[in-house]
> 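This is the structure I want to talk about, given as C-alpha cells.
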Amino acid sequence: MTDPQAPWPGHWAPLGATHENDATNFALWAPEADGVEVCLFDEVGRETRIGLEDRTFDVWHGRLPGVGPGQRYGFRVHGPWDPPRGRRFDPAKLLVDPYARAVTDDVRYDRALFEHGRDTASRVPKAVVVGDDGFDWGTDTAARVPWADAVVYELHVRGFTMRHPDIPDELRGTYAGLAHPAAIRHFLDLGVTTVELMPVHHFVSEPQQIERGQTNYWGYNSLAFFAPHAAYSASGSHGGQVTEFKAMVRALHDAGLEVVLDVVYNHTAEQGPNGPTLCFRGIDNAAYYRLDTAHPDRYNDYTGCGNTVNVSHPHVLRLVMDSLRYWVDEMHVDGFRFDLAAALARSMHDVDMLGSFMTVIEQDPVLREVKLIAEPWDIGPGGYQVGEFPHLWTEWNDKFRNTVRDHWRGAAPGVRDLAYRLSGSSDLYAEDGRRPYASINFVNAHDGFTLRDLVSYDRKHNEVNGEDNRDGTDDNRSWNHGVEGETSDPGVVDLRRRQLRNFLTTLLLSTGVPMLVAGDEMGRTQRGNNNAYCLDDETTWIDWSLREEYGDLLDFARRLLRLRHEHPVFRQRRFFEGRPVVPDGRKDLAWFHPSGAEMTDHTWHDESLRTLGMYLAGDGIRSRDRRGDRVLDGSHLLWLHAGAEPIEVTLPGGVWAERYDVVLDTTGVDTTVGAGVSAGERISLLGRSCLLLRATP
C-alpha cells in the first residue's frame with residue numbers, strides 16, 4: 001500500500017470506491033454522521049485512517065492519490081450513539097462499503113461486534129478497490145428467452161460443482177467450475193434455458209451457525225449487494241472474483257443460456273438490534289432499516305431474519321436500484337428472483353403494488369427489460385401476495401406446488417384445483433391482464449424436500465441442523481409410500497420412481513414456466529432434511545454418480561423437456577378460453593372424465609374423483625408467431641390418475657380424434673410408447689400414473 005497524501009476533494013458521485021488515473025475516489029452517503037474516515041489496510045493488516053473533509057448532498061467524499069485496485073478498505077462513521085432514537089453510530093466499528101464491488105476476508109465473531117465502543121477492524125470483512133479489469137465481452141449477447149419458452153433451473157454454485165467428476169478439483173465450488181464445459185453440457189443436454197443461481201451477493205454466516213461449527217450454505221444473509229461472493233472464486237478475493245463471474249456469464253451466454261440471480265434485498269446480515277454491526281447499521285440505522293416507530297431501538301421484522309431493509313427510503317431504494325442495474329449493465333445477468341419480494345413492496349407497513357419499489361422498476365429502462373421473478377410473500381401482516389404482482393413480474397406459484405403434491409399423494413378434494421394449475425392458473429393471473437407465464441410452476445425448491453425425498457419421507461429429518469428438528473416446515477404434503485426413508489422393497493421403490501415421473505410430467509407439461517431444482521432430475525436426496533441451509537457437505541452437494549442409478553429418470557426428464565420444446569401446445573402464451581379459435585373448430589382446451597365425457601359441474605365438484613383428462617388442441621393455440629401467422633401443433637391428451645387402483649378411461653372421439661398414439665407413459669412400460677389406439681376405446685391406466693397421447697384427426 002502506498003502512503004496516501006491528504007485527500008483531494010474528489011466528487012460525491014458515484015458512490016463507493018472509483019479508481020481512475022492513479023487515484024481512487026471514495027464517496028459514502030451518511031447524512032446524520034458528524035464525520036467519516038476511510039480506513040486503508042496493508043498486507044499485514046496495518047490500518048491508515050484518512051478523514052473525508054468534503055461533504056456534498058449528504059455524501060462524504062475524497063480522492064486519494066496512489067490508491068489503486070486491490071486496496072483493502074473500510075469506513076468509520078462518527079455520530080451520536082442513541083439507540084432509543086434509532087441512532088447507532090460507533091467509530092470503533094469498521095464498516096463495509098455498501099457499494100463495494102469486491103469483499104475479502106471473513107467475519108470473525110466475538111463480543112466486540114455486538115458491543116458499543118469496541119474496535120472491530122480485525123474482525124470485519126474488508127472492501128476491495130476494483131478497477132477496470134479490461135474484460136473482453138466480445139460479442140456477448142443475452143439469450144432473451146421468451147418467458148413462455150423458458151425452463152428455469154435453480155442451482156447452488158458450490159453444490160452443483162463440488163462433486164462433479166469432470167470438473168477439475170481446483171474449479172469445483174466456483175464460478176469457473178459452473179462455466180466449465182461439463183456443467184454447460186448438462187444444462188444443454190437436459191434442455192433447460194435459464195440458470196437461476198442461489199444468492200451470489202457477498203454474504204456471511206450468522207454467529208449461531210459459526211458456534212455450531214456450521215455455515216450459511218444457502219447464502220440468504222447478504223452483506224454487500226454489488227460484490228460477487230468471494231468464496232465462490234477460484235481467482236482469489238482481491239478483485240479476481242469480479243472477472244471470474246463475468247467469464248462465467250459469458251460462457252453461459254455463449255451456450256445460449258440465461259443467468260438469473262436470486263437476490264436478497266429484504267434484509268441484511270446485521271440481524272436484529274442486538275446483532276453484529278458490519279455495515280448499514282453503523283452508517284445510518286434509521287434510514288437503512290424499518291424501525292418500530294413506537295420503539296426506534298427495535299426493528300419491524302417482516303422477514304424472520306431480524307431486520308427489514310427500508311426500501312421506502314429514497315437513498316435505500318437508490319442503493320437497490322443501483323445494485324440491480326450494476327448486475328445487468330456491468331455483469332450482464334439476465335434477471336432476478338427477489339427473495340421475500342412482498343417485503344420490498346411495503347410502503348409504510350402495508351404491501352403496496354403501486355409503491356416506490358414497484359414503480360421505479362416499472363419505469364427503469366434497464367430493469368423493465370429483464371426477467372423479474374417474485375417470491376410473492378413475507379412473514380408480515382398481509383404478506384401473502386400470490387397473484388398480486390404487476391404485469392412485468394412472474395411469481396413463484398406455491399398453489400401449483402401444493403395442489404400437485406396433494407393430487408399425487410391422493411389428498412386433494414377432487415381435480416378442480418388441479419385443472420387450474422395445469423392450465424396456467426387463470427384464477428390467479430388472468431383477471432388483471434397477465435399471461436400464463438406469470439406463473440413459475442414448481443413442485444420443489446431449494447427450501448423443502450428434494451423431489452426424491454418428497455416421495456420417500458412423511459416427516460422432516462433435520463436433526464443434524466442442531467435445532468432439535470424444530471426448524472423447517474411441517475407442511476410438506478409428502479408421502480413415503482409405506483416406508484420412511486430409503487428401502488430395498490421392490491414394490492415401494494417401483495411406486496416411488498413412478499411418482500417421480502408423475503411429478504416431472506405434471507410440472508413440465510403444464511402451462512406456465514416450469515422450475516426444476518438441480519439434481520431432482522436424477523434423484524438427488526438430502527436424506528429427509530427439508531431445511532439444509534446450514535449444511536455445506538455431501539448432504540447438499542449434487543452426487544453425480546446418481547446419473548447411473550437414476551439414469552432412467554434423467555432420460556425421462558430430457559424427453560419431457562424435448563416434448564415441451566417441440567410442441568407449442570405446452571407453451572401457451574395466452575390463457576385458454578374453452579372455446580374454438582376458429583368457427584366450427586374444437587375447443588382450445590377440454591377436460592375429460594374417465595367415462596370419456598367432458599367434465600360437468602357435477603363431476604367438477606366430485607371430491608372423490610382422482611382422474612382427469614386434459615385435451616390440448618393443436619389448432620386452438622391463441623398466440624401468433626412473429627410474422628402474425630397462426631401457430632399450429634398436434635393435439636395431445638394427457639391423463640393424470642392419482643388413484644391407487646387401475647382405472648379404465650374412454651378416449652374421446654368425434655371432433656377430438658379418430659385415433660391416439662401413446663407418446664409417454666409414466667408406468668415405465670416402454671412397449672406402450674408408439675402404440676396406437678382408436679378413439680372411443682377403453683384403455684387401462686395403472687394406479688398412480690400419467691399417460692400422454694397424440695391425437696390424430
Side-chain angles (χ1 to χ4, degrees), residues 143 145 150-167 171-201 203 216-220 228-229 231-234 244-245 248-249 251-253 255-264 327 333-337 339 371 373 375 396 440 442-453 504 507-508 513-526 532-533 535-544 546-547 550 554 557-558 561:
V145 178
V151 178
V152 178
Y153 191 66
E154 186 192 37
L155 64 81
H156 190 284
V157 170
R158 181 169 168 83
F160 187 82
T161 58
M162 278 300 292
R163 300 177 71 184
H164 199 300
D166 299 326
I167 295 177
L171 299 183
R172 295 181 184 180
T174 70
Y175 305 119
L178 197 61
H180 190 274
I184 292 175
R185 184 166 55 249
H186 181 77
F187 303 144
L188 298 180
D189 288 348
L190 181 58
V192 299
T193 68
T194 306
V195 177
E196 181 181 306
L197 308 183
M198 289 175 64
V200 295
H201 288 170
F203 62 86
N216 187 319
Y217 171 71
W218 284 353
Y220 293 88
H229 188 57
Y232 297 161
S233 171
E244 185 176 327
F245 187 94
M248 176 198 70
V249 173
L252 292 169
H253 281 179
L257 297 161
E258 294 183 304
V259 180
V260 168
L261 305 187
D262 191 340
V263 289
V264 186
W327 287 98
V333 305
D334 304 292
F336 306 94
R337 178 265 186 188
D339 182 65
K371 284 184 163 59
I373 305 171
E375 183 182 35
W396 273 25
I440 302 293
F442 68 105
V443 176
N444 302 82
H446 63 272
D447 52 346
F449 282 147
T450 68
L451 190 61
R452 176 174 161 187
D453 289 353
L504 288 177
L507 173 64
L508 297 178
V513 181
M515 183 184 78
L516 276 171
V517 180
D520 276 350
E521 72 275 16
M522 51 188 177
R524 184 176 75 94
T525 178
Q526 293 178 169
Y533 73 102
L535 303 179
D536 185 8
D537 57 27
E538 293 187 355
T539 305
T540 51
W541 302 343
I542 291 178
D543 178 2
W544 290 91
L546 291 171
R547 288 181 294 182
Y550 280 81
L554 179 57
R558 289 169 176 160
L561 285 167

> Start with the C-alpha distance between V259 and L257, add both sets of side-chain angles, then the distance that settles side chain to side chain contact (heavy atoms under 4.5 Å, CB included), and finish with yes or no.
CA-CA 7 Å; V259 180; L257 297 161; 6.0 Å; no
> Pick from V443, L451, V152, N444: which one makes a side-chain contact (heavy atoms from CB on, under 4.5 Å) with V517?
N444
> Looking only at heavy atoms, what is the nearest atom pair of V260 and R337, with distance?
CG1-N, 3.8 Å
> Evaluate side chain to side chain contact (heavy atoms under 4.5 Å, CB included) for L504 paired with L516, printing each intermediate quantity in order.
CA-CA 9 Å; L504 288 177; L516 276 171; 3.7 Å; yes
> Nearest 0.5 angstrom please: D339 CG to E375 CD, how far?
5.0 Å
> Closest approach of G159 and Y217, non-hydrogen atoms and distance?
CA-OH, 3.0 Å
> Rounded to the nearest 0.5 Å, what separation is found between the CD atom of E258 and the CG atom of L252?
11.0 Å
> Before giving the answer on side chain to side chain contact (heavy atoms under 4.5 Å, CB included), spell out for I542 and L155 the whole-Å C-alpha distance, their side-chain angles and the decisive distance to 0.1 Å.
CA-CA 10 Å; I542 291 178; L155 64 81; over 6 Å; no
> Measure the shortest side-chain to side-chain distance between V151 and V513 over non-hydrogen atoms and say whether it is less than 4.5 angstrom.
no
> Looking only at heavy atoms, what is the nearest atom pair of G177 and A183, with distance?
O-CB, 3.8 Å
> Is a side-chain donor-acceptor pair under 3.5 Å present for D520 with T450?
no
> Can you give me the closest heavy-atom contact between G173 and T161, atom names plus distance?
N-OG1, 2.6 Å
> Rounded to the nearest 0.5 Å, what's the gap from CZ on F160 to CD1 on I167? Could you check?
7.0 Å
> Between V264 and H201, does a side chain to side chain contact (heavy atoms under 4.5 Å, CB included) hold up when you go through it step by step?
CA-CA 8 Å; V264 186; H201 288 170; 5.9 Å; no
> Please report the interatomic distance CE(M162) to CG(D536), rounded to the nearest 0.5 Å.
7.0 Å
> Locate the shortest heavy-atom distance separating R524 from A518; write the atom from each residue and the value.
NE-O, 3.2 Å
> In terms of the angle between their ring planes, are Y175 and F245 parallel, tilted or perpendicular, with boundaries placed at 30° and 60°?
perpendicular
> H186 and side-chain hydrogen bond (donor to acceptor under 3.5 Å, both in side chains): which single residue from E521, H164, R547 fits?
E521
> Any chance you could lay out the ring pair (Phe, Tyr, Trp, His ring centres under 6.0 Å) test for H156 and Y232, step after step, and finish with the verdict?
CA-CA 10 Å; H156 190 284; Y232 297 161; 5.7 Å; yes
> Ignoring hydrogens and geometry beyond distance, is a side-chain donor-acceptor pair present between H180 and D166 at under 3.5 Å?
no
> Taking all non-hydrogen atoms of both residues, which atom of A150 and which atom of K371 are closest, and how far apart?
CB-CE, 4.3 Å
> Tell me which one of Y153, Y533, W218 satisfies ring pair (Phe, Tyr, Trp, His ring centres under 6.0 Å) with H446.
W218
> Nearest 0.5 Å please: distance from the CG atom of L546 over to the CH2 atom of W544.
10.0 Å
> Is there a donor-acceptor contact under 3.5 Å from the side chain of E244 to the main chain of A176?
yes
> If you measure from CD1 on I440 to OG1 on T194, what distance do you get to the nearest 0.5 Å?
9.0 Å
